[in-house]
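Just below is one structure, and these are the notes that go with it.
Small disclaimer: the values here were computed from a predicted structure and weren't measured.
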Amino acid sequence: MRRFFRKRLPAFLLTLVMVMTMVPAVSAKSSADLTYEVDKGDSVSFKEREFRDLYRSEYSGDPSYVVFTDYSDLDDYGYLTAVNYYDKTVSLSESDLRNTWFYYDSHDVPKNMDYALDGLTFEANRRADSGTLRLKFEIYDADGKNYVYGTMDIKVGGGSGSSKGDITYTVKPGEEVTFDDEDFVNAYDNAGGSGTMKYVVFEKPSSDYSNAGTVYSRYGKRNATSFTRSELDDYKFYYGDSDYGDYDLDELSFVADKSFSGSVELSFTAYGGTGTRTNQNVTGTLVITSGKSSSAKGDITYTVKPGEEVAFDDADFEKIYENSRCTGSFKYVEFSRPDSAFSDAGTLYSRYGKRNETAFTRSSLSSNKFYYGDSDYGDYDLDELSFVADKSFSGSVELSFTAYGGTGTRTNQNVTGTLVITSGKSSSAKGDITYTVKPGEEVAFDDADFEKIYENSRCTGSFKYVEFSRPDSAFSDAGTLYSRYGKRNETAFTRSSLSSNKFYYGDSDYGDYDLDELSFVADKSFSGSVELSFTAYGGTGTRTNQNAAGTLVITTGTSAGVSRYVGNIRYNTTPSTALQINANDIARLFRKYTSGEALQYLTLTSVPATGSLYYNYYNTSKYGSAQMPLTASTAGNVVFSYSPASASEYDLSELTYIPSGSNYCTSLGFTGYSSNGTTVSATILISVTASPVSEVYSVTTKGTSVNFPANSVYSAVASATGFGLSSIQLLELPASKAGVLYSGSYAADVTTAYSYGDGTGSMSQLRFIPNSGFTGSVSIPYVALNSSGTAIGSGVVSIGVVDSVKKFTDISTSTWCYKYVTELAGANVISGYSNGTFQEKNTITYGAALKLIMLAAGYGEQAPTVKRSTFSGYLAKAKAAGLVSGNPKLNGPITRLQIAQIAAKALKLPTSGLPSKKPFTDTNDVYVQALNAAGIIEGYFSNGTSTYKPNNTLTRGQVSAIVWRMRNYNQ
């Protein structure tokens, strides 16, 4: 049954199978088995034990998993979030729930599908209609035979609320309390407003307002505005969309006068709907009261520094219970829903920083029980709670709670109390980081800067990761923070997502994204500066004296450093040579970045700034139009098909770049699409130099580090361009499975300009350290920069890591196939003659080529089956495997067609899904096409025509190149 379900059947078919093969143990009920309530824009976590209890109502033991069978209205109200195998929280809509399992035991969650039941949460849309979402589900045993049918109702919109829609905030004299726009939305909805709330208008307050304090927009930030009594009623304060008002409702706050006491009222009207105002406005009162220091009996007080954590002690709550003279034993605590000031102060967690970490919203906090000692009395362990203060937390917040005990009844067996959390002094008032960036450009983060903040704060232990506070709305106007900008798996962070992730230093076990891969891309209109508050964490697990708070300031300036170059696909050409864009290169990149999906078509997002881009430049294509220049204004309107189906479609293989000038780099941007809508955006970097930039190659034995060949790179660039380079910028780093490229004691990056010379930050400080068991080929592409930071060309440094370096007397570093022969010989795939030569220009025999191809494809050594026929064993194995038919002459030559057919079959390359247009005019062989699509063989291109020359024979050097590419295919 488990294997059958893994096929992800459509919902209707899955239901049919269940009906035909199983008899439900419990029939549908008129009322829901499980019921939850949640406010709009808030969340509620499902209780794992309730599913267990429902299952145990029919069967003994624990259930295995839960499957939702009816969720047709889910998207109307919100979505689910769940935890996968990697402890990552994933959002799930209706389409994601089809035959998805939620495991009762989180250890059963497989790597590539399904989720844990523990942590399953419903997130209500902030603008969802009020109502009840009904979900149907089935709870199964491990064999999938016994199951219990159930229903769940989620009431969205909260309780009855006040018909007046009153809102109350508390603030201490001299301090600030921020408004929460969701409070106004709830007031609007609860008072029966129709449609969506759009804006709020305040009435002119009484004279008491002036003595109480002042309402501000963006208090303490750029463009801060204060409102007098007369001004406050002149403006509209919009919810979400600035088209409906003058100031953002969510950026309002009230700053109390130092002598403020008592309370002040602000009457307001909340407007919504579709334009008319009948039943689409709600009046209410916002009451702001002065807070007092907590002195009620039984209060608990914790102190925490901004940006840090304070753990709860269940013994403190037990004392409250015992001192109240309640009868029976203390069992659990329930918290009241805190006011909106709590959200700005920080977050309450269960198991913070550990597996199954849970963060509580204001609503979810009040909907759970926190047990003392025995989990039968609640949902979360009281002793695993902690409060993590916001970086800007000051003053104090209160949590009202009730401690319950006794034997089950509640008379004289509960006591109320207040938990007060106050702020302490900041642990790091100094240590800011400042970056400068030009409008419209990018500045990369340097993890060493954050490490210095941590170390200078005298924290104990090693620096591990950084967390950023949620920035204010000005940050969105300034630009965007990215991880891996312009590369595979590029991620852009919103204000909310930025604060919900950990950015690790060195080791991904400590976070979600690499701190050293962050960069900020400034908006073209960016000016001034923006701030990001952060906390750097480290240590050995406990958090006392193991974190440091700081501020990252990003400012505009006249000099922002070197522009960054990106090249997911890279080409080199010379001024007099037209460059044909290879559609197969783009298709392979697309498969790599999507884990196997096929490219269907692409659109261009940018064209080269230098030179010209054409479609059908040679005017020989039968697809699309005649020769057509592609400019910035026209290129985006053309769809280029990887496999055109009709003459009216444009063929991706007909893109040609014509250089203009010499010694420069330019780029071409595109977005590729699969048939199901998956997209990949990437950049093609084109280097134009007076002559080709030579590949710089070195070889080392397994486990031995290699210094970056700075002098050789300088010479290669100077020879190609006629100019000396000033620095280089790396375009791609070695794969993690291969090893690490270091700059001094830190990992190298793709944003720094490494200077030519000695000292810190120079090319001479770069060093590649292969992983201990790795053998293979490593490529490190780069752009060469002049003193102004402008690219004058692009090249590549390649490093071969082998078990042993085997040399041939007629092969030197200047031989074109030196890399291929050296690495294949080191891997015992290829060998030379008894006199120590390799003789790369000799024509290779059929038998020798067959052996090399089979070894490269993973076939083992084959002993001869015929005496005096060295390669007879390989021929026998090849016939048995369907690689070869007939009786070829093993001592005769092999043709380019034969070698393509054998290699494609040996690698099991797919022969379906290939472009409709054949790559070569002199052969339609499908195996040739498959091997070409894989990037293993090339043809001969001239004036718009590509030929393969299938009947030509090959030399030993040419075959070594093909075999080398076979070994590195998909690596």
Side-chain angles (χ1 to χ4, degrees), residues 176 216-224 251 305-308 344 389-394 425-457 459 463 465-483 485 492-505 511 513-537 547-564 749 751-753 761:
E176 175 194 23
Y216 285 87
S217 170
R218 299 176 52 78
Y219 179 66
K221 306 169 187 174
R222 186 183 176 204
N223 298 327
E251 292 186 337
K305 292 179 179 179
E308 297 189 3
D344 297 325
D390 190 78
K391 312 295 189 301
S392 60
F393 176 47
S394 63
K425 293 182 179 180
S426 175
S427 61
S428 176
K430 211 173 178 183
D432 288 348
I433 302 168
T434 300
Y435 293 139
T436 302
V437 63
K438 289 181 179 179
E441 295 190 3
E442 176 197 21
V443 60
F445 286 19
D446 187 342
D447 56 5
D449 295 330
F450 294 86
E451 184 187 31
K452 290 176 184 177
I453 298 296
Y454 183 82
E455 291 177 346
N456 292 338
S457 68
C459 288
F463 171 45
Y465 64 92
V466 164
E467 288 182 349
F468 292 97
S469 300
R470 185 175 189 258
D472 61 36
S473 58
F475 188 80
S476 300
D477 298 328
T480 305
L481 193 67
Y482 287 90
S483 171
Y485 179 64
F493 298 98
T494 63
R495 291 162 58 202
S496 297
S497 64
L498 179 62
S499 60
S500 61
N501 285 286
K502 295 178 181 178
F503 300 89
Y504 59 82
Y505 174 77
Y513 297 91
D514 191 339
L515 179 61
D516 204 36
E517 292 185 336
L518 293 185
S519 62
F520 177 80
V521 179
D523 190 79
K524 291 183 179 179
S525 61
F526 176 48
S527 63
S529 64
V530 289
E531 293 186 3
L532 281 175
S533 297
F534 66 86
T535 300
Y537 292 94
N547 62 73
T551 303
L552 167 63
V553 179
I554 304 174
T555 68
T556 54
T558 56
S559 177
V562 177
S563 297
R564 178 170 159 225
D749 58 57
T751 57
T752 300

- [ ] Check the pair Leu552, Phe445 against side-chain contact (heavy atoms from CB on, under 4.5 Å), reporting the backbone distance first and the verdict last.
- [x] CA-CA 10 Å; Leu552 167 63; Phe445 286 19; 3.3 Å; yes
TODO: Test Tyr465 against every option in Tyr504, Tyr454, Tyr537 by the ring pair (Phe, Tyr, Trp, His ring centres under 6.0 Å) rule and name the one that passes.
DONE: Tyr537
Task: side-chain hydrogen bond (donor to acceptor under 3.5 Å, both in side chains) partners of Ser533, counting only residues at least two apart - done: none
Open item on the list: So, using salt bridge (Lys or Arg N to Asp or Glu O under 4.0 Å) as the criterion, who are the partners of Arg218 when residues are at least two apart?
Closed with: Glu251
- [ ] Using the six-membered ring wherever Trp is involved, compare the ring planes of Phe475 and Phe520 and label them parallel, tilted or perpendicular (cut-offs 30° and 60°).
- [x] tilted
- [ ] Answer yes or no: is there a donor N or O on one side and an acceptor on the other, between the side chain of Arg495 and the main chain of Arg470, under 3.5 Å?
- [x] no
TODO: Answer whether the closest heavy-atom distance between the side chains of Phe450 and Phe463 falls below 4.5 Å.
DONE: yes
- [ ] Report yes if the side chains of Thr436 and Val443 come closer than 4.5 Å at any heavy-atom pair, otherwise no.
- [x] no
Task: Nearest heavy atoms of Ser469 and Ser499, plus distance in Å - done: C-CB, 3.9 Å
Open item on the list: Looking at Asp446, is its backbone amide N or carbonyl O close enough to the side chain of Tyr435 to form a donor-acceptor pair, meaning the two atoms are under 3.5 Å apart?
Closed with: yes
Open item on the list: Glu531: which residues meet the salt bridge (Lys or Arg N to Asp or Glu O under 4.0 Å) condition with it, sequence neighbours left out?
Closed with: none
Task: Whether over 12 other heavy atoms sit under 6.0 Å from Tyr482 OH - done: yes
